[in-house]
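Index from 1, following the sequence.
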Amino acid sequence: MTNQAAADLIARSNRLGADPKNTNYAGGNTSAKGLETDPVTGEQVELMWVKGSGGDLGTLTESGLAVLRVDRLRALVDVYPGLDREDEMVAAFDYTLHGKGGAAPSIDTAMHGLVDAAHVDHLHPDSGIAIATAADGEALTATIFGDKVVWVPWRRPGFQLGLDIAAIKAENPAAIGCILGGHGITAWGDSSEAAEANSLWIIDTASAYIAEHSKAEPFGPALDGFAALPEAERRAKAAALAPVIRGLASTDKPMVGHFTDSVEVLDFLAASEHPRLAALGTSCPDHFLRTKVKPMLLDLPADAGIEASIARLEELHAEYRADYQAYYDRNADAESPAIRGADPLIVLVPGVGMFSYGANKQTARVAGEFYVNAINVMRGAEGLSSYAPIDEAEKFRIEYWALEEAKLQRMPKPKPLASRIALVTGAASGIGKAIAVRLAAEGACVVIADLDLAKAQAAAAELGSTDVAIGVAADVSNEAAVQAAIDAAVLAFGGLDLVVNNAGLSLSKALLDTTEADWDLQHNVMAKGSFLVSKNAARVLIAQKLGGDIIYISSKNSVFAGPNNVAYSATKADQAHQVRLLAAELGEHGIKVNGINPDGVVRGSGIFASGWGANRAATYGIEEEDLGKFYAQRTILKREVVPENVANAVFVLCSADLSHTTGLHIPVDAGVAAAFLR
């Protein structure tokens, strides 16, 4: 049974973490101390439950808590080797764990354990960090909070900071917490309710003071020509720039992107002081570990043309990489980890918004959220004083901290399609849905495009959150609709890597019964539709300069002549030859184009359910429910083909194992000799 102190801690943490005004995602930590029976001695022992390394307060559960013995933790003070060796104390925490210990203790464990309070909160609220990063933050702390909150000069998180805060609490009996210079806040209380109330009082008091005393234009007056573009115009420009920016941000390793055109971002970029402030970078360690020390900023007005913007972005990217390498070289020593890449994680485009990047969509989105936090911090600090983040050397010490490197090395190996972005047409059901499910399972971000938006969104929701998949409407026979779907994909995830032309339908009719309208419908959806999707997607793939895959779900009927399906088979043959033509044309851009020829996919197929199955069954003189078995028996392997078999082939084609294969058609038909490729 969960100890009541731990249960109260989890509830408090969830409440604090649920409100972004209190702390950023996965930022900060909370703790509680209480008594528990030692199962070895049967005696009461004081334990501390504290949020473990890497957890998030808003979603914290018992498994995310580290559990330590308070007496053993505090005994570490007697063996503390000093500031130069304080990192060794993190490993020492393992010797203070109770039982299995729960989650791995974080670097902030000492802060919670050494402070003489039953409950401690360490948070990263924008209002608190604004005071912490103000040039005269110490004086502001005294003015705003009196003797209830004490200023702590910047110190890197660790054992010494825990000792410092413990001493401050002991020497200031009226204090309920601290402002940690350049970093955040810490508050405490005798009960869980008191600690939470004290944390919120510091946050709300700082926020109210900023609101009342801030200058009218903390970011300076409006900068002529840098105001936000109208929504439709800025999103169109964002979609046009996104593939290029993603390609630049992926120079060292592939990245997933996120686009934000929030009011906070647009207002910041419209003001005269934004170049100076952007160059100063972020301050809170949680911020710059996600955003790098500073963003890349396009120094052109909002109405700059696409070509001019791209040319300048390419120049700025080269400068950014050189600058980051110089930053690393200035600060690294023989013990520093190797440079982790010199590309920006935040790219700001005036009038348009912010592009943020990470190894996956969640990381990219959170990086953007953190930079919005940084903007709010800068607004508060500039409104009261001037923004003065911690210096470069201190940022480097944290960014390339051996403990941070160890945390990165513990991260699980990425899935095969991690960082890849897929667009699958006709993916709300049948073969397309199976493909989307498989690609998502292998780590890809997936855009499910379908004629029925509601069904596309429902299918996407089955795969997970919008960090995993989104659903978009797409009439593939309409170029404007195709472009809108691709733009939606690009704005959602930053770009495209993998396109699956799966949308289709089938009319089973004899030649003399096939109308011109039937012929046009088949060709508009499949031949023309896949052409339009490939054409507009290829623009993105080429602009990114990251290669990519285009896969056509063709058919055995593209090479096999059967009765009563002239329109369907002819358009499948068209698709099959598009594969060869595009493979030859797009290869110079590193784009592979391949096809899959399924046959007899009855179970779960939207085409068969819409009447094609009944017609084919009638053609062969069998019952419709026996069609799958009938198809299986005419194959060499005598196996029924299901949508998942096609999805498996898609995965193989876009995996690293077939990195040198293009222009290929893979039969997924259980063996139909008449359809063997020659």
Side-chain angles (χ1 to χ4, degrees), residues 424-427 429-439 441-442 500-508 522 526 530 549 551-566 568-577 579-580 593-655 657-658 661 663-678:
V424 186
T425 65
S429 61
I431 291 173
K433 185 174 182 179
I435 292 169
V437 169
R438 179 64 191 274
L439 296 179
E442 299 294 348
V500 182
N501 278 307
N502 169 75
L505 77 161
S506 184
L507 304 173
S508 177
Q522 290 275 211
M526 292 191 292
S530 53
D549 286 274
I551 297 176
Y552 281 65
I553 307 303
S554 186
S555 170
K556 171 216 67 175
N557 286 358
S558 65
V559 293
F560 173 81
N564 299 340
N565 64 357
V566 61
Y568 176 81
S569 295
T571 198
K572 283 299 182 183
D574 185 315
Q575 286 185 308
H577 201 48
V579 168
R580 304 180 187 100
V593 187
N594 293 291
I596 296 171
N597 289 347
D599 183 49
V601 185
V602 178
R603 196 190 323 164
S605 168
I607 286 179
F608 277 88
S610 64
W612 170 263
N615 288 331
R616 300 317 291 166
T619 297
Y620 297 120
I622 61 173
E623 296 297 322
E624 184 177 358
E625 59 265 26
D626 296 327
L627 191 58
K629 296 177 182 177
F630 171 81
Y631 282 141
Q633 289 307 307
R634 72 182 189 182
T635 69
I636 296 170
L637 297 175
K638 302 295 188 288
R639 297 173 185 169
E640 184 177 356
V641 181
V642 295
E644 288 72 21
N645 301 137
V646 183
N648 294 342
V650 170
F651 168 66
V652 171
L653 279 173
C654 65
S655 71
D657 290 342
L658 288 187
T661 299
L664 173 70
H665 278 279
I666 296 181
V668 182
D669 57 12
V672 178
F676 284 175
L677 297 172
R678 295 174 176 84

Output, in order, the C-alpha distance, side-chain angles, deciding distance and verdict of side-chain contact (heavy atoms from CB on, under 4.5 Å) for Cys654 and Val500. CA-CA 10 Å; Cys654 65; Val500 182; over 6 Å; no
I would like to know whether Tyr552 and His665 meet side-chain contact (heavy atoms from CB on, under 4.5 Å); could you show each step before the answer? CA-CA 9 Å; Tyr552 281 65; His665 278 279; 5.5 Å; no
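With rounding to the nearest 0.5 Å, the separation of CG in Leu658 from CG in Asp549 is 9.5 Å. Atom-to-atom distance recorded for Leu653:CG and Asn648:CG is 11.0 Å, nearest 0.5 angstrom. Here the CG-CZ distance, from Asn565 to Phe560, works out to 9.0 Å after rounding to the nearest 0.5 Å. To the nearest 0.5 Å, atoms CG (Asp669) and CG (Asn645) are separated by 10.5 Å. How far CG of Leu664 is from CD1 of Ile596: 9.5 Å, rounded to the nearest 0.5 Å. With rounding to the nearest 0.5 angstrom, the CZ atom of Phe651 is 13.5 Å from the CD1 atom of Ile435.
In terms of heavy atoms, Ser569 sits closest to Asn557 at OG-CB, 3.3 Å. The shortest non-hydrogen separation linking Thr571 to Gln522 is OG1-O, 3.6 Å. The two residues Ser554 and Pro598 have their closest heavy-atom pair at O-CD, 3.3 Å. Listed here is the closest heavy atom pair of Lys572 and Ser558: O-CB, 3.4 Å. Shown here for Thr425 and Asn502, the closest heavy-atom pair between the two residues is OG1-N, 2.9 Å. The heavy-atom pair separating Val668 from Val646 by the smallest distance is CG1-N, 4.1 Å.
Under a 3.5 Å cut-off, the side chain of Glu640 and the backbone N or O of Tyr631 do not form any donor-acceptor pair. Formation of a donor-acceptor pair under 3.5 Å by the Asn597 side chain with backbone atoms of Ile666 is not found in this model.
For the pair Leu627/Ile622, a side-chain contact is recorded, criterion being any heavy-atom separation below 4.5 Å from C-beta on.
Atom CZ of Arg639 is surrounded by 12 or fewer heavy atoms from other residues, nucleotides or ligands within 6.0 Å. In the displayed structure, Lys638 atom NZ is contacted under 6.0 Å by more than 12 heavy atoms of other residues, nucleotides or ligands.
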